[in-house]
Amino acid sequence: MGVNYNPRTITNDCVFHIDMSNPKCYANGVLGTKSGFKELTPNPVGTGNDLFFFTNSGNGPDFVNEGERSHFHFTRTEGNRISFENVASTSNHLLTKMGHSGSGTEPLPFTIEFVIRIQTQPTGAGGNGFGVIRFNGNAGIGCHIRNGNGAGVVNVGYTGQSNYSSYGSTVELGEWYYGAVTRNDAASGSGVLKFYDKTGLTKTQTSQNITTTFGTQNCLIGGSPGFMDGDIALIRVYKRDLTESEVRSNFEALRGRFGL
């Protein structure tokens, strides 16, 4: 059986949520089913409200049933990823759900939250990093794990726009990692990014200029800018910057599941 929602989890303004151990993500409630896979929020994103499994070889990431820690295992060599299409100006477009006007570039507030486990260290940034969630082009929001001084670190931003990394928290090989990054609603050039891990706030980046360009490219989980080499168990996206206490509440709801 999959896990139930924990009452400590913040649901207000959550616009995207996949939990690989929750049967509600799967067709007919069968864990590991790749057809009919969808996210958990009302009015799920994606064409037909489904997420699709793609790969350069094989049949996509493998489902690993570990009860509350169930996840999909991604391999860099096979180029595994999960993809969902976005239809412009429709309510199942992720950026529309986040409040983007549908044109131009906007400094959208957000929170990206995830639980992952990497198998190898990324060799660099960008295409040499491990994608968590990101649009497949110069549009949208995203984060990936890049190499920083010989260790994995969280990077936020996307191709064609500024991006920033937190060196205050190391993503260790073979260990579950909880990460969250928030951006406030300030104008480009004066926005504030905050990075969190299981210890709490690890870095605050001020005067940053990450902005969001509306687009209809597919959004990829585990596949952009570089393919993930490891496991993804949970991803959430909010249309606002959660407070430090809200991030802590979400973490406390997850820590027992993943031994954090």
Give the intermediate values and the outcome of side-chain contact (heavy atoms from CB on, under 4.5 Å) for residues F72 and I232.
-> CA-CA 6 Å; F72 277 98; I232 297 179; 5.7 Å; no

Under-4.0 Å salt bridge between E252 and R257 | no

R76: partners by salt bridge (charged side-chain N to carboxylate O under 4.0 Å, His left out), with sequence neighbours left out | none

Pairs of donor and acceptor atoms involving the side chains of residues 189-201, under 3.5 Å and at least two apart or interchain, shall be tabulated with distances.
from	atom 1	to	atom 2	distance (Å)
S190	OG	A187	O	3.0
D197	OD1	T199	N	2.8
D197	OD1	T199	OG1	2.5
D197	OD2	S169	OG	2.5

Are any side-chain N or O atoms of K38 and backbone N or O atoms of K24, one a donor and one an acceptor, separated by less than 3.5 Å?
-> no

Between A27 and S35, the two heavy atoms sitting closest are CB-O, 3.4 Å

Derivation and outcome, side-chain contact (heavy atoms from CB on, under 4.5 Å), residues W176 and H71 | CA-CA 11 Å; W176 286 111; H71 56 274; 3.7 Å; yes

Rest of the hydrophobic cluster containing V153 (Ile/Leu/Val/Met/Phe/Trp/Tyr, side-chain heavy atoms under 4.5 Å)?
-> Y167

Answer with yes or no whether the hydrophobic clustering places L173 together with Y177; edges join I, L, V, M, F, W, Y residues whose side-chain heavy atoms lie under 4.5 Å apart.
-> yes

Looking only at heavy atoms, what is the nearest atom pair of L108 and F110, with distance?
-> O-CD2, 3.6 Å

If only atom types and distance count, is the side chain of N65 paired as donor or acceptor with the main-chain N or O of G67 below 3.5 Å?
-> yes

Closest non-hydrogen contact found for I10 with S249 is CD1-OG, 4.4 Å

Has the side chain of H100 got a donor or acceptor atom that lies under 3.5 Å from a matching backbone atom of T212?
-> yes

Flag the pair I221 / V132 as yes when at least one side-chain heavy-atom distance between them is below 4.5 Å, and no otherwise.
-> no

SG on C219 to CG on L94, rounded to 0.5 Å = 6.0 Å

Any chance you could measure T75, atom OG1, to M228, atom CE, to the nearest 0.5 Å?
-> 11.5 Å

Enumerate the residue pairs fulfilling salt bridge (charged side-chain N to carboxylate O under 4.0 Å, His left out) with a member in residues 219-235, sequence neighbours excluded, ordered by first and then second residue.
-> R117-D231

Those residues at least two apart in sequence (or on a different chain) that pass ring-ring contact (aromatic ring centres under 6.0 Å, His included) with H73 are none

Hey, are T211 and T105 close enough side-chain-wise for a donor-acceptor pair under 3.5 Å?
-> no

Distance (rounded to the nearest 0.5 Å) between K239 NZ and T96 OG1 | 11.0 Å

Nearest heavy-atom contact between G150 and N147 is N-OD1, 3.3 Å

Report the C-alpha separation of N209 and S188 in whole Å, then their side-chain angles, then the decisive distance to 0.1 Å, and conclude whether the side chain to side chain donor-acceptor pair (under 3.5 Å) test is met.
-> CA-CA 4 Å; N209 62 353; S188 180; 5.1 Å; no

Residue pairs involving residues 231-252 (criterion ring-ring contact (aromatic ring centres under 6.0 Å, His included); sequence neighbours excluded) = Y178-F251

Would the F214 and H93 ring centres measure less than 6.0 Å apart?
-> yes

Those residues that, when tested against R236, pass salt bridge (charged side-chain N to carboxylate O under 4.0 Å, His left out) (two or more places apart) = E113

Does the side chain to side chain donor-acceptor pair (under 3.5 Å) test come out yes or no for N56 and R81, once each step is laid out?
-> CA-CA 9 Å; N56 290 340; R81 69 270 199 201; 3.3 Å; yes

Please tabulate, for the side chains in residues 121-128, all donor-acceptor contacts under 3.5 angstrom to protein atoms that are two or more places apart in sequence or on a different chain.
from	atom 1	to	atom 2	distance (Å)
Q121	OE1	G152	N	2.9

For M20, does its backbone N or O pair with a side-chain atom of S70 as donor and acceptor, under 3.5 Å?
-> no

Nearest-0.5 Å distance, CZ of residue R248 to CG of residue L242 | 13.5 Å

With sequence neighbours left out, what residues match E66 under salt bridge (charged side-chain N to carboxylate O under 4.0 Å, His left out)?
-> none

How close do A180 and V247 get, heavy atom to heavy atom, and via which atoms?
-> CB-CG1, 4.1 Å

Qualifying residue, where the test is side-chain contact (heavy atoms from CB on, under 4.5 Å) with I18 and the options are L40, L51, L234 | L51

What about F135 and I82, same hydrophobic cluster or not, with Ile/Leu/Val/Met/Phe/Trp/Tyr joined at side-chain heavy-atom distances under 4.5 Å?
-> yes

Go through the structure and list residues passing salt bridge (charged side-chain N to carboxylate O under 4.0 Å, His left out) with D13, not counting sequence neighbours.
-> R240

Do L254 and V115 come within less than 4.5 Å of each other through their side chains, counting heavy atoms only?
-> yes

side-chain contact (heavy atoms from CB on, under 4.5 Å) partners for S83, two or more places apart = F54, N218, L220

Any chance you could measure R183, atom CZ, to I141, atom CD1, to the nearest 0.5 Å?
-> 11.0 Å

For the residue pair T111 and D241, what are the closest heavy atoms and their distance?
-> OG1-CA, 3.4 Å

Is a side-chain donor-acceptor pair under 3.5 Å present for T41 with E39?
-> yes

Does one hydrophobic cluster hold both F227 and F52, with members joined at side-chain heavy-atom distances below 4.5 Å?
-> no

Is there a side-chain contact (heavy atoms from CB on, under 4.5 Å) between S165 and V154 once you walk through the steps?
-> CA-CA 6 Å; S165 299; V154 177; over 6 Å; no

For the rings on F84 and F16, is their centre-to-centre separation under 6.0 Å?
-> yes

Under 3.5 Å: donor-acceptor pair, side chain of K97, backbone of V15 = yes

Are any non-hydrogen side-chain atoms of P225 and R134 less than 4.5 angstrom apart?
-> yes

Nearest-0.5 Å distance, NZ of residue K203 to OH of residue Y164 | 9.5 Å

side-chain contact (heavy atoms from CB on, under 4.5 Å) assessment of F37 paired with F63 | CA-CA 12 Å; F37 184 72; F63 178 73; over 6 Å; no

Residues passing the side-chain contact (heavy atoms from CB on, under 4.5 Å) test with A253, sequence neighbours excluded, are N6, R8, T9

Sidechain-backbone polar pair: N28 side chain, V30 backbone, donor-acceptor under 3.5 Å | no

